[in-house]
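Each remark here refers to the structure printed beneath this line.
Below, chains carry the letters A, B, ... as their sequence lines are ordered, and counting in each starts from 1. Values below: every heavy atom of this structure, side chains too, minus hydrogens, waters and symmetry copies.
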Amino acid sequence: MSAHRATPAWLALIPAAWLAVFFLIPFAIMLSVSVAHRVPGGFFEPGFEIDSYARLMTPFFGRILMTSVAVAAGAAAICVVLAFPFTVILAGMRARGQTLVLVVLLAVLSLSEVIIGFSLSTLLSRTAGVGNLLAWAGLIAEPRAYTPGLFALMLGLCYLGLPYAVLVLYPPVSRLDPELGEAARIMGASPLRVFWTVTVPVLRAPIAGAFVLVFVFTLGAYLLPQLLGRPRHWTLSVHITDQAIFQSNLPFAAAMAVVLLLVSLALVGVSLLLGRGGARA
Amino acid sequence: MTELSLRGLTKRFGAMTAVDDVSLDIPEGRFVCLLGPSGCGKTTLLRLIAGLEAPSSGAVLVAGRDQTDTPAHKRDFGMVFQSLALFPHLSVAENVAYPLAIRGVDRATRRNRAAELLQMVRLPDLGDRRIHQLSGGQRQRVAIARGLAINPRVFLLDEPLSALDANLREHMQMELRQLQQRLGVTTVVVTHDQKEALTMADILILMDGGRVQQVGAPMELYRDPANAFVAGFIGNTNLLRGHLRGREMAVAGTTLTLDDGDRIKAPDGPAILSVRPEDTRIAARGVPARVTFLRDLGESVQVVMDMDGTEVTALFAPRDRPDVSLGDSVHLAFEPGRRVVLPA
């Protein structure tokens with residue numbers, strides 16, 4: 001006879017309750033605000049109108065949504081492409097070296113988006129930035145600014161997202177059976193082919209997971225696009241902040257947030273499906 | 001013809017010498033078992049042969065050609081790993097055909113060859129399954145089929161059956177042996193299980209401490225061990241310390257005169273007499289001992305005795321059961337012609 005009892009069924013209610021309190025209720029409030037009636041120059045009154053959503057259905061906001069998704073997906077893709085080989089090499093290092101690298105990565109996580117944004121805007125500026133260094137080395141004719149621009153924005157987002165990608169990839173990569181790669185080598189695969197035909201496909205699900213995490217994370221970034229990007233690189237998150245705080249248009253901000261949430265949920269679903277399909281197909 | 005030759009192969013990891021100056025010649029088509037206790041260097045030796053480790057010194061020759069510096073993926077070997085290392089992202093047939101796909105073989109040929117190989121390991125119709133849908137024994141067969149896909153020059157297996165339960169393991173040992181005999185592929189299997197080695201091997205290579213202790217046919221190692229380690233590792237044996245002088249061996253105060261058939265492998269002086277339990281008899285005269293344990297094993301009767309502080313085991317067929325009981329004082333005799341004197 002076992003002394004252990006089966007987990008009581010009511011235990012499942014705890015995560016459900018948490019999800020309801022911290023996610024569903026706020027989301028319901030946001031949903032109700034998004035259909036509320038805006039009082040120009042003031043706040044909003046309860047109501048049901050789809051004006052805010054209608055306003056979103058314009059090419060202008062469509063373009064912003066596309067920009068947001070493209071910027072986040074781009075940053076996520078760059079992070080995964082950089083983080084995956086990095087993590088494979090990291091997992092092959094001695095235990096002490098691995099710890100050191102992971103500690104440095106965790107230290108990077110302690111920096112706030114604001115600090116990263118301002119540091120990069122200084123570092124990439126014309127007067128005090130790397131342009132001076134390149135000019136001094138004779139690589140470019142005279143110092144130039146690299147910010148604001150897409151390059152600076154991507155640099156910032158990747159700096160933010162890369163540690164997350166590595167931390168998501170590290171456990172599965174370090175658990176990967178080294179005999180899989182060795183078996184492929186015995187069977188005639190060069191190290192590069194082992195990487196492409198075994199390492200990458202076996203780890204397809206974690207790769208998709210890392211992509212999704214960085215994607216969602218950078219989709220919500222609203223400081224870096226303002227600090228490092230040009231207005232045309234502003235993402236939906238920036239506009240939500242703008243509408244909510246500076247334009248005092250909460251219904252419109254809420255509508256944008258709802259749309260952003262739905263779009264990102266859909267993309268997360270698709271990515272996870274692709275990752276899991278890869279593990280089976 | 002010698003297919004696989006090792007010349008002074010040595011592998012050091014820091015201060016530790018895992019494989020110490022191993023030289024071997026393995027004829028074509030033989031089934032070789034690398035046997036030894038864990039940590040004896042047998043897996044490292046297999047990895048050196050495979051090219052997964054670079055030797056500190058020495059050479060690996062295949063059909064007379066030096067392959068020491070050939071990378072693992074250019075050796076055209078087949079290998080079955082301890083973890084089997086089947087690819088979870090590929091189907092059974094794709095796993096088996098992987099070495100062909102790497103070599104650019106076209107899809108139709110690959111499919112036919114995979115079907116042929118799965119037929120050979122008695123797994124037809126499972127080609128479309130996923131690895132996680134297979135049982136342990138089925139995975140084992142898939143790994144063997146994959147290792148043989150390119151008709152390798154040398155087929156290497158690292159403790160291939162260790163994950164299977166006892167019954168299935170014995171069955172797979174016979175099956176693997178039969179398959180190897182049918183294909184005639186030069187095969188090297190690492191194992192720590194002496195029964196497995198005795199079942200499968202043409203040639204046994206017994207290792208300890210990174211060194212080869214003895215090479216030979218299984219029965220040769222059993223009947224004619226080179227040293228006390230070999231005698232003790234292959235089957236059970238009684239190792240009795242004594243003193244050798246010419247053909248006289250003094251054991252526990254009694255002098256035994258050795259026969260022509262007995263093997264003397266030690267110089268005069270302190271030596272070890274090795275006698276198998278089935279060659280140990282209870283007689284009217286001989287070395288005095290006292291019965292300390294008796295047990296009936298059904299197919300045999302085991303009598304354990306204390307001989308001047310040394311434990312000696314004798315094994316009898318049920319109808320030869322000696323009339324002794326616990327605590328009896330008896331005399332031991334050792335079958336002439338089956339005694340081996342080994343260096344102390």
Side-chain angles (χ1 to χ4, degrees), chain A residues 80 84-85 87-89 91-98 168-212 271-281, chain B residues 14 43 46-47 49-53 70-91 94-105 128-133 142-160 163 188:
Chain A
V80 169
F84 188 68
T87 313
V88 170
I89 294 167
M93 286 167 52
R94 284 158 192 266
R96 187 178 287 188
Q98 290 190 24
V168 167
L169 288 170
Y170 179 72
V173 166
S174 59
R175 274 200 310 267
L176 185 72
D177 180 3
E179 289 194 343
L180 285 179
E182 290 179 345
R185 278 185 61 209
I186 295 283
M187 288 187 278
S190 62
L192 200 65
R193 291 198 78 177
V194 172
F195 182 80
W196 285 114
T197 60
V198 177
T199 318
V200 172
V202 167
L203 294 169
R204 217 158 137 171
I207 290 173
F211 179 87
V212 165
S271 318
L272 289 180
L273 219 63
L274 283 178
R276 199 184 314 161
R280 250 192 287 116
Chain B
T43 292
L46 193 80
R47 291 174 62 83
I49 297 171
L52 293 171
E53 302 279 355
T70 308
H73 62 275
K74 291 185 180 155
R75 290 196 184 191
D76 288 340
F77 285 2
M79 185 157 174
V80 175
F81 287 80
Q82 190 164 9
S83 71
L84 301 185
L86 295 171
F87 301 137
H89 63 292
L90 299 178
S91 72
E94 285 166 339
N95 259 282
V96 171
Y98 180 87
L100 306 173
I102 287 294
R103 284 168 177 76
V105 173
D128 295 329
R129 294 272 183 92
R130 294 271 134 197
I131 298 304
H132 66 83
Q133 294 173 305
V142 173
I144 291 169
R146 189 177 69 172
L148 292 168
I150 57 157
N151 291 317
R153 298 213 63 127
V154 179
F155 188 32
L156 307 171
L157 300 97
D158 183 11
E159 305 256 6
V188 183

Which answer fits [X], side chain, backbone, both or neither, if we ask what part of it has an atom under 4.5 Å from a heavy atom of chain A?
| X | answer |
| --- | --- |
| B:Ala101 | backbone |
| B:Leu156 | neither |
| B:Phe81 | both |

Heavy-atom check, side chain of [X] versus side chain of [Y], under 4.5 Å:
| X | Y | value |
| --- | --- | --- |
| B:Pro88 | B:His132 | no |
| B:Glu94 | B:Phe87 | no |
| A:Leu169 | A:Pro206 | yes |

### Message
Out of B:Ala85, B:Ala149, B:Gly78, return the one with the most heavy atom pairs under 4.5 angstrom to chain A.
### Response
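Going by pairs under 4.5 Å, I would pick B:Ala85.
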
### Query
Taking every heavy-atom pair that is under 4.5 Å apart, which of B:Ala72, B:Pro152, B:Pro71 has the most such pairs with chain A?
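That would be B:Ala72.
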
### Expected output: side-chain B:Gln82 to main-chain B:Asp158 donor-acceptor under 3.5 Å
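It does not hold such a pair.
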
### From A:Leu203, A:Ile207, A:Thr199, residue fulfilling side-chain contact (heavy atoms from CB on, under 4.5 Å) relative to A:Val173
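In the set A:Leu203, A:Ile207, A:Thr199, the residue that makes a side-chain contact (heavy atoms from CB on, under 4.5 Å) with A:Val173 is A:Leu203.
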
